[in-house]
Every structure is written in structure tokens, then in C-alpha cells.
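Report on one structure; see the data block that follows.
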Amino acid sequence: MFKHLKSGTVLVIFLLAGCNVASNEMQALNEDFEKDYQQLQVENLEALPNIEVIDGITYVDDILIVNKEISLPEDYSPGLQPEVIEAYQQMFQDGAAEGLDFVLVSDFRTYDYQAQLYQNYIARDGQEAADQYSAKPGHSEHQTGLAIDVGSSDSLTNLKWEFGDTPEFQWMKDVAHEYGFIIRYLEGKEDITGYMYEPWHLRYVGEEAPAIYESGLTLEEYLGID
Ligand SMILES: [Zn+2]
């Protein structure tokens with residue numbers, strides 16, 4: 001994310017190293033540099049994400065971010081957010097009109113509940129395996145109140161890759177953004193998100209969702225924090 005800053009630094013060093021050139025050349029160099037530098041500043045404004053941490057919660061361009069590196073405070077416990085409830089209910093209802101049968105598999109989780117889940121998964125599969133699919137406490141998107149896991153009436157596919165083959169997912173993958181959701185852990189992006197592909201895990205981002213969907217990027221890539 002600092003690649004533009006780095007090239008700016010190189011320019012400054014170049015300028016300092018050029019101190020012994022004749023003054024008219026120096027001025028031309030200065031003017032060039034100023035032009036480049038102004039251009040750089042414009043690029044930086046466009047390229048660099050605006051990161052704010054408020055009460056221990058991290059926002060990038062006003063979007064709350066939780067991932068393997070960025071966590072939430074232990075006492076952050078907002079419950080499932082009203083706009084998320086409204087969005088998924090509308091999506092399920094519109095899906096039903098298409099003959100689909102969605103179920104809500106999981107929604108908000110507290111820090112303590114996530115801690116318990118994570119410990120159970122470690123006991124069952126070992127830490128390395130557990131880290132591929134379960135978040136450490138404080139690092140689960142379910143603690144934000146902005147994430148849900150959805151399933152179909154074919155409950156055998158719940159929380160399994162097979163959910164990706166259900167008619168529910170085949171419809172949802174192309175419309176979820178219209179309700180403000182993105183599929184957070186995309187196939188083939190495991191090295192960026194840190195999680196295996198999870199077709200069932202939706203993250204509510206609101207009005208930014210269509211642009212993220214169109215980009216085909218993970219949330220981290222889209223916000224420039226990958
Ligand atoms: Zn989930």
C-alpha cells in the first residue's frame with residue numbers, strides 16, 4: 001500500500017543528490033519535481049485508504065474491517081444490526097418468490113462464544129486446521145453484527161462447499177450485492193483473506209456492495225489493505 005510513498009521518497013533522495021548541478025538545471029529539475037510531486041499527491045489521495053481506529057474498532061474508508069490482522073475489542077457486542085436483518089429478510093423473501101428456500105445458519109457471535117468455538121475446533125482438528133476456517137476470538141466478522149451465514153433447505157450442504165452448488169447460492173451470488181452483501185471469502189483468494197472459500201458467509205457493507213461485487217476483488221484488495 002505504500003508503493004506510491006516509496007517512489008516519492010526516491011524522488012526526494014534524487015533531488016537532494018542533485019545539489020551540485022547548475023542552478024538553471026536545478027530550477028528545471030525543481031519544476032519537474034513539483035509537477036511529479038503534485039501528481040503523486042493526487043495519486044496518493046486516490047490510492048491510499050483512509051484508516052481510522054475509533055474505540056478499538058478499525059474503519060477503512062468508513063467500512064468496518066475485521067480480519068486475521070485486525071481485531072475487535074473483547075467487549076464489542078452490538079448484536080445483529082437492524083439494517084442487516086432487514087437486508088437478509090428481503091433477500092430471503094425475494095428468493096422465495098423464485099422458489100428458493102433460504103435459512104439463516106448463524107449471525108451475531110460474542111467474543112466469548114467465538115473463543116469457545118475456536119477452542120472446540122482446535123481440540124477437534126488441531127490449531128493449524130482450525131485457523132483455516134475459524135477465527136480467533138476478536139477476529140470473527142460475526143462479532144461485528146454485520147455478517148451472516150446462510151444456507152438452503154438442503155441442510156446437508158450447510159456450512160459446506162456444496163452449498164455453492166445449491167440453487168440458492170447460484171441465485172444469491174449474483175444478487176446479494178443488491179441487498180448490500182458481499183461474499184466475503186472468495187474462491188481462489190485464500191491467500192489474501194486468510195480463510196478458505198466460504199460461499200455461505202455474507203458480509204453486509206451497504207451501498208458499496210455493488211462496486212465491490214463488480215470489481216471481483218476481496219474486501220481487502222478493494223480497500224487497498226491487502
Ligand atoms: Zn460466517
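Hydrogens, waters and symmetry mates play no part in the numbers below; they use all other heavy atoms, side chains included.
Every residue meeting the salt bridge (charged side-chain N to carboxylate O under 4.0 Å, His left out) condition with Arg184, not counting sequence neighbours, appears here in chain and number order: Glu141, Glu220. Take Ser152 and apply the side-chain hydrogen bond (donor to acceptor under 3.5 Å, both in side chains) test, not counting sequence neighbours, and it matches no residue. In this view, Asn120 and Gln116 satisfy the side-chain contact (heavy atoms from CB on, under 4.5 Å) rule, not counting sequence neighbours. Applying the side-chain contact (heavy atoms from CB on, under 4.5 Å) criterion to Gln81, with sequence neighbours excluded, gives Pro78, Glu83, Val84, Leu146. Applying the side-chain contact (heavy atoms from CB on, under 4.5 Å) test to Glu221 and every residue at least two apart in sequence or in another chain returns Lys189, Ile192, Leu217, Thr218, Asp226. A search for side-chain contact (heavy atoms from CB on, under 4.5 Å) contacts involving Asp131 returns Lys68, Tyr118, Gln127, Lys136, not counting sequence neighbours. With sequence neighbours excluded, the residues that form a side-chain hydrogen bond (donor to acceptor under 3.5 Å, both in side chains) with Ser106 are Arg109, Asp149. Under the ring-ring contact (aromatic ring centres under 6.0 Å, His included) criterion, Tyr113 pairs with no residue, sequence neighbours left out.
Across Ser77 and Phe108, no two heavy atoms sit closer than the pair OG-CZ, 3.4 Å. Of all heavy-atom pairs spanning Leu80 and Ala147, the tightest one is CD1-O, 4.1 Å. Contact between Tyr222 and Ser215 at its shortest, heavy atoms only, is CD1-OG, 3.7 Å.
Through chains of ILVMFWY side-chain contacts below 4.5 Å, Tyr185 is grouped with Tyr195. Grouped with Tyr111 in a hydrophobic cluster is no other residue, since no side-chain heavy-atom contact under 4.5 Å to another Ile, Leu, Val, Met, Phe, Trp or Tyr is found.
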Atom pairs and distances, side-chain donor-acceptor, residues 167-174, under 3.5 Å, sequence neighbours left out:
residue, atom, partner, partner atom, Å
Glu168, OE2, Asp101, N, 2.8
Gln170, NE2, Gly164, O, 2.7
Asp174, OD1, Tyr213, OH, 2.9

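Between Trp161 and Met196, the closest side-chain pair of non-hydrogen atoms falls below 4.5 Å. Here the side chains of Thr157 and Asp165 are not in contact, with every heavy-atom distance at 4.5 Å or above. Side chains of Val66 and Arg203 form no contact here, defined as non-hydrogen atoms less than 4.5 Å apart. Counting heavy atoms from C-beta outward, Met91 and Glu178 have side chains that stay 4.5 Å or more apart.
Among residues at least two apart or in separate chains, ring pair (Phe, Tyr, Trp, His ring centres under 6.0 Å) pairs with a member in residues 59-89 are Tyr88-Phe92.
Not one N or O on the side chain of Gln119 forms a donor-acceptor pair closer than 3.5 Å with the backbone of Leu117. Listed for the Gln143 side chain is a donor-acceptor partner under 3.5 Å among the backbone atoms of Pro73.
Leu186 and Tyr179 fall within the same hydrophobic cluster, where Ile, Leu, Val, Met, Phe, Trp and Tyr residues are linked whenever their side-chain heavy atoms come under 4.5 Å apart, directly or through other members.
Of the residues listed (Leu219, Ile51, Asn50), the one engaging Val60 in a side chain to side chain contact (heavy atoms under 4.5 Å, CB included) is Ile51, and it is the only one.
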